[in-house]
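To start, the structure itself, in structure tokens.
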Amino acid sequence: MASKKRQCLLADLCSRDDHRKPEHSKMNTSIDPQVARIRASLLAWYDAHRRDLPWRAKSGVRADPYAVWLSEIMLQQTTVATVGPYFGNFKAQWPTVGAMAAGSLDEILVAWQGLGYYARARNLYKCAGVVVSEHGGVFPETEDELRKLPGIGSYTAAAIASIAFDQPCVPVDGNIERVTARLYDIDIPLPKGKKDIHAAAQSFISKDRPGDFAQAMMDLGSGVCAPRSPKCDICPLNADCQAYKTGNPARLPVKAPKKIRPERCCVVFWLENADGDVLMQKRPETGLLGGMTGFVSTSWREGAWPEPTEIETASPLSIEWAEIPGEAVHVFTHFRLTMRVLKGKAQKGANVDGFWVAPTVFAEHALPTVMKKVIKLVGENPS
DNA sequence: GAGCCGTGGAA
DNA sequence: TTTCCAAGGCT
């Protein structure tokens, strides 16, 4: 019966969907009163409680599309607190798309190090190039055009279009997904439930302050309609929230059970030359940590340590290696990696694959956090 | 469509 | 300690 209720709701939403009506239809004549109330309540709440964020324009001021784009890419699966300093650094180093396109991928990756999901950085640079070469250095303003750019998917296209250009669209991120699922009490487990939730979210489309509306939903989802302990008592939408009325908003949205995270193991080679420089390699351009810099290691075996023969084969030099006490552990999205480190000294003129880096200039290279943990472990065990 | 792709902070 | 998750995109 819950599903029947939902069917009625969605059919209802579609039939009264004002954004599907022809352009000449009068605005605000056939809008569902509940949707109108939600919009008004949310915008009023936003005007009083909006967050002041580095990439966000002041109230009533049009945002800088470059800043909106840059922040949206950085904010993909990443918290506001984490993004803050990175955004400031990028804006200072590359004030415009043109400046970024004129830079190099390596520079971008160095600045991005530690932020994770490095394909975002590669696509960021690629996108800057396309905006300059195909759009004269000016971001396109429509959702469809934005969607074609590297690194910009359906969410980000709608986010930029609405926030930077006030286009009437609704970017459905995790926040809006959660708020919408609760407003309409949609309990189909994700990702299957996305279809209904996104359809319901589209009923909010309006030509009146779409950018503010999108950001308001995000602020609400972040500070009020939070994943674990929603503050329903102070929520401006509680009068229209189906989940609040009928019971348990905190359980929504329902998510499919997670899969277990496999364990992987590897041995890392810390090779120093006579000057104390350390051997490093640039990783392949695609895949995990693509384009980043790292140390030589065995393959990352699942479930067991590499065999001695594999360690021997993977070592950059046939010399005497000394194992450093302890292990370094790093957790990726889909597996957990435990590393042991072997330390060795290269003879002068030894022929190795890679390049030598002095520890004093590690920071000049694009080192992912997992590699910094290796550095930390070695530093804790001076020879 | 399901798996791949990082990281750090909160509960 | 473990689990969850944060303004997702690509293949």
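A note on names: the letters A, B, ... follow the listed sequences, proteins ahead of strands, and every chain is numbered from 1.
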(request) Calculate the interatomic distance between Trp112(A) atom CH2 and dG9(C) atom C1'; express it in whole Å. (result) 12 Å

(message) Rounded at 0.5 Å granularity, tell me how far CE in Met292(A) sits from CG in Asp106(A).
(response) 10.0 Å

(message) So that I can tick it off, tell me whether Asp240(A) and Arg39(A) are bridged by a salt bridge, with the cut-off set at under 4.0 angstrom between side-chain N and carboxylate O.
(response) no

(message) Expected output is a numbered-order residue list: members of residues 162-182 of chain A with a heavy atom under 4.0 Å from any atom of DNA chain B. What is it?
(response) none

(message) From CG of Asn123(A) over to C1' of dC10(C), roughly how many Å is that when rounded to an integer?
(response) 8 Å

(request) Kindly say if Tyr118(A) contacts the phosphate of dT7(B), meaning a side-chain N or O under 4.0 Å from OP1 or OP2. (result) yes

(message) Between C1' on dG6(B) and CG on Leu109(A), what's the gap in Å once rounded to a whole number?
(response) 14 Å

(request) Return the value, rounded to whole Å, for the distance between atom CG of Leu252(A) and atom P of dC4(C). (result) 17 Å

(request) Decide if atom NZ of Lys231(A) counts as having more than 12 heavy atoms of other residues, nucleotides or ligands within a radius under 6.0 Å. (result) no

(request) Calculate, to the nearest 0.5 Å, the distance between atoms CD and CG belonging to Glu327(A) and Leu337(A) respectively. (result) 10.5 Å

(message) In whole Å, measure the gap between the P atoms of dA6(C) and dC5(B) for me.
(response) 22 Å

(request) Report the nucleotide, chosen from dC10(C), dT7(B), dG9(C), that has the shortest atom-to-atom distance to any side-chain atom of Thr156(A). (result) dG9(C)

(message) If you define the side chain from C-beta out and look only at heavy atoms, does anything of Leu75(A) sit under 4.5 Å from Val80(A)?
(response) yes

(message) At a heavy-atom distance below 4.0 Å, what parts of residues 49-70 of chain A sit against DNA chain C?
(response) Arg51(A), Leu53(A), Trp55(A), Arg56(A)

(request) Check whether any side-chain nitrogen or oxygen of Lys258(A) sits under 4.0 Å from OP1 or OP2 of dT3(C), and answer yes or no. (result) no

(message) Of the options dC10(C), dG9(C), dC5(B), whose atoms approach the side-chain atoms of Tyr117(A) most closely?
(response) dC5(B)

(request) Considering only atom C1', compute the distance from dG1(B) to dG8(C) and round it to an integer number of Å. (result) 15 Å

(request) Check DNA chain B against residues 71-79 of chain A and give the residues with a non-hydrogen atom under 4.0 Å, in numerical order. (result) Gln77(A), Thr78(A)

(message) Looking at Thr82(A) and dG8(B), is any side-chain donor or acceptor paired with a base atom of the opposite kind under 3.5 Å?
(response) no

(request) Side-chain contact test, heavy atoms from C-beta onward, threshold under 4.5 Å: evaluate it for Pro236(A) versus Leu220(A) and give yes or no. (result) yes

(message) The test is ring pair (Phe, Tyr, Trp, His ring centres under 6.0 Å); show your working for His330(A) and Phe332(A) and say whether it passes.
(response) CA-CA 7 Å; His330(A) 188 72; Phe332(A) 291 91; 4.8 Å; yes

(message) From CZ of Arg261(A) over to C1' of dC5(B), roughly how many Å is that when rounded to an integer?
(response) 12 Å

(request) Find which nucleotide of DNA chain C each of Arg228(A) and Ser154(A) is nearest to by heavy atoms, and output the residue with the more 5' nucleotide. (result) Arg228(A)

(message) Less than 4.5 Å apart, side chain to side chain, heavy atoms only: is that true for Leu146(A) and Lys148(A)?
(response) no

(message) Same cluster or not: Ile375(A) versus Trp356(A), using hydrophobic residues (I, L, V, M, F, W, Y) connected whenever any side-chain heavy atoms lie under 4.5 Å apart?
(response) no

(message) Please report the distance, rounded to the nearest Å, between NZ in Lys255(A) and P in dG8(C).
(response) 10 Å

(request) Evaluate the side-chain proximity of Leu70(A) to Lys91(A): yes if any heavy-atom separation is below 4.5 Å, no if none is. (result) yes

(message) Would you say Val35(A) ends up clustered with Tyr46(A) if hydrophobic residues are merged whenever their side chains have heavy atoms under 4.5 Å apart, either directly or through other cluster members?
(response) yes

(message) Can you measure Trp300(A) atom CH2 to dC4(B) atom C1' for me and round it to whole angstrom units?
(response) 14 Å

(request) Using the P atom as the reference point in each nucleotide, state the distance between dG6(B) and dT11(C) in Å, no decimals. (result) 14 Å

(request) For dG6(B), take OP1 and OP2 only and decide whether either is under 4.0 Å from a side-chain N or O of His330(A). (result) no

(request) Check whether NZ of the Lys or CZ of the Arg Arg261(A) lies under 6.0 Å from the centre of the six-membered ring of Phe335(A) and within 45 degrees of that ring's axis. (result) no

(message) Are Val138(A) and Ile152(A) linked, directly or through intermediate hydrophobic residues, by side-chain heavy-atom contacts shorter than 4.5 Å (ILVMFWY only)?
(response) no

(request) Find which nucleotide of DNA chain B each of Arg122(A) and Pro191(A) is nearest to by heavy atoms, and output the residue with the more 5' nucleotide. (result) Pro191(A)

(request) In whole angstrom, give me the gap between the P atoms of dA7(C) and dA11(B). (result) 15 Å

(message) Please report the distance, rounded to the nearest Å, between NZ in Lys259(A) and P in dA2(B).
(response) 8 Å

(request) Select base, sugar-phosphate, or nothing to describe what Gly114(A) touches, counting heavy atoms under 4.0 Å on all strands. (result) sugar-phosphate

(request) May I ask you to say what Val331(A) touches in the nucleic acid, namely base, sugar-phosphate or nothing, with a heavy-atom cut-off under 4.0 Å? (result) base

(request) Indicate whether OP1 or OP2 belonging to dT7(B) is found under 4.0 Å from a side-chain N or O atom of Thr369(A). (result) yes

(request) Give a yes/no on whether any side-chain N or O of His334(A) is located under 4.0 angstrom from OP1 or OP2 of dC5(B). (result) yes

